[in-house]
Number of protein chains: 2
Amino acid sequence: MYVSARSDYALRAMLAVAAGTTGDAATTGGDRKPAGADGHPPPGGELVKAAALAEAQEIPLSFLQGILVDLRRAGLLLSHRGTEGGYALARPAEEITVGDVLRAVGGSLTTVRGLPAERAGYQGVATGLRDVWLAVHGAIALVVDQTTLADLLSAGQRPTADAPLAGT
Amino acid sequence: MYVSARSDYALRAMLAVAAGTTGDAATTGGDRKPAGADGHPPPGGELVKAAALAEAQEIPLSFLQGILVDLRRAGLLLSHRGTEGGYALARPAEEITVGDVLRAVGGSLTTVRGLPAERAGYQGVATGLRDVWLAVHGAIALVVDQTTLADLLSAGQRPTADAPLAGT
DNA sequence: CGCACAACCTATCAAGCTAGTAGGAATAAC
DNA sequence: GTTATTCCTACTAGCTTGATAGGTTGTGCG
């Protein structure tokens, strides 16, 4: 039961993009974005630069760039190049779940020895193990597929009251 | 969400030890163990050799030996050297859970970037992530701490009917 | 057009897990 | 006591993941 650094970074980056900017800009108004008076606002919202994400969440910038490419190819992020470029959510934060992000960077949600949990191929006395992994997979999916980025953002503002705990 | 080969092998080895011998010896009676008429039966049951475990579950023998050392140090296995040596369960199969085995070889049950889920140290907009990992941890613990080796052995004989599914 | 900026891509390096090999230490049988 | 068998403990190669550096392509502005 191991969550890779890639998955953790991807979720933190997505949350930072959803929040807009540096990370604790909830109170500090500051300057928003120039947004060029030309007339092409980004479809998903405001554009956040990769360097800002790396600094806000303390993620190695070059490693983060590879993760952002995966998120864009999965259809979760929109990117824009150039001087005022950056990243924005492809969908509202209410419609992006934690499971979407995990699957975008990790392939399958749960893997056993590198393979998806469904195809394990046990034999002899270990036949029952497959059901255990499937049960674990279901329990994890129940949590991550029902938690959206918007949920996490609102939970972060409050003093951590209603954690989406399933059993204990 | 990644189950390492070490954890998978450890569970399969424990199941093979619990079953007694090669793996599908439920029907084939064959020769049991000589057990030397000297008068010291193994406390946990019958002794199974590491080579038999490796062949029955197709685990690299040398890699398996390192796993068996961990299981012995964790107090889950008893070992005996010599001509008729081998491994046996330190407790009945009904009192050993899947979680016990996973913790013996993997340290903590769930880790995020190598650290236990409890101490993650998020900041800014990612504060809510900690609750997600704790919820996942709880969901996994609910499954693996309530499934014993005896449950898996009896489930393997039946045609896979009552999987211990928690939610879906 | 030329310059600066930022996303994008490819190659390179370090670290941990997986896997295999060789030798030492303990136990039972002869 | 000798020998065979087995557990036990290093040490040594691939391989995947984490992390890094440099170069390329697209964009806005003067």
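- At least one side-chain nitrogen or oxygen of B:Tyr87 sits closer than 4.0 Å to the OP1 or OP2 atom of D:dC8.
- In this structure, B:Tyr2 shares a hydrophobic cluster with A:Tyr2, the cluster being traced through Ile, Leu, Val, Met, Phe, Trp and Tyr side chains under 4.5 angstrom apart.
- The shortest distance between the side-chain N/O atoms of B:Tyr9 and the OP1/OP2 oxygens of C:dT18 is not below 4.0 Å.
- Going from atom CZ of B:Arg113 over to atom C1' of D:dG18 covers 10 Å, rounded to whole Å.
- Among residue pairs with one or both ends in residues 7-16 of chain B, those qualifying as side-chain hydrogen bond (donor to acceptor under 3.5 Å, both in side chains) are A:Arg113-B:Tyr9, A:Tyr122-B:Asp8, B:Ser4-B:Ser7, B:Asp8-B:Arg12, B:Arg12-B:Gln57; sequence neighbours excluded.
- In this structure, of C:dA19, D:dG18, D:dG28, it is C:dA19 that holds the atom nearest to the side chain of B:Pro60.
- A distance-only check finds a donor-acceptor pair linking the side chain of B:Thr147 to the backbone of B:Val143 [under 3.5 Å].
- One distance of note links OG1 of B:Thr97 with CG of B:Asp151; it measures 10.0 Å at 0.5 Å rounding.
- Separating the CD atom of A:Glu84 from the P atom of D:dC29 is a distance of 8 Å, rounded to the nearest angstrom.
- Between B:His80 and C:dA28 there is a side-chain N or O to OP1 or OP2 distance below 4.0 Å.
- Checking C:dA4, C:dT27, C:dA7 against the side-chain heavy atoms of A:Ala50 singles out C:dA7 as nearest.
- The side chain of A:Tyr2 places no N or O atom within less than 4.0 Å of a non-bridging phosphate oxygen (OP1 or OP2) of D:dT16.
- Phosphate contact (OP1/OP2 of D:dC8, side-chain N/O of B:Arg72, threshold under 4.0 Å): present.
- One atom, CG of B:Leu78, and another, C1' of D:dC8, lie 16 Å apart when rounded to the nearest Å.
- Atom P of nucleotide C:dT18 and atom CZ of B:Arg12 are separated by 13 Å, given to the nearest angstrom.
- B:Arg81 contributes no side-chain N or O that forms a donor-acceptor pair with the base of C:dA28 under 3.5 Å.
- One finds a side-chain N or O of A:Ser79 lying less than 4.0 angstrom from the OP1 or OP2 phosphate oxygen of C:dC8.
- At a non-hydrogen distance threshold of 4.0 Å, B:Gln65, B:Val69 from residues 62-70 of chain B come into contact with DNA chain D.
- Taking atom CD1 of residue B:Ile59 and atom P of nucleotide C:dG20, one finds them 12 Å apart after rounding to whole Å.
- Shown here are the salt bridge (Lys or Arg N to Asp or Glu O under 4.0 Å) partners of B:Arg6, two or more places apart in sequence or in another chain: B:Asp70.
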Would you be so kind as to tabulate the donor-acceptor pairs closer than 3.5 Å made by side chains of residues 102-109 of chain A, with sequence neighbours excluded?
from, atom 1, to, atom 2, distance (Å)
A:Arg103, NH2, A:Asp145, OD1, 2.5
A:Arg103, NH2, A:Asp145, OD2, 2.9
A:Ser108, OG, A:Thr110, O, 3.4

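- Atom-to-atom, CG of B:Leu47 to P of D:dT5 comes out at 18 Å; the value is rounded to the nearest Å.
- Out of D:dG18, C:dC9, C:dA19, the shortest distance to the side chain of A:Arg73 is found at C:dC9.
- For the atom pair CZ of B:Arg73 and CG of B:Leu68, the computed distance is 12.0 Å after rounding to the nearest 0.5 Å.
- Look at CG on B:Leu61: it is 8 Å from P on D:dC7, rounded to the nearest Å.
- Nearest to the side-chain atoms of B:Thr83 among the listed nucleotides D:dC7, C:dA19, C:dA28 stands C:dA28.
- Under the side-chain contact (heavy atoms from CB on, under 4.5 Å) criterion, A:Leu115 pairs with no residue at all, not counting sequence neighbours.
- Taking atom NZ on A:Lys49 and atom C1' on D:dG26, their separation rounds to 16 Å, with Å as the unit.
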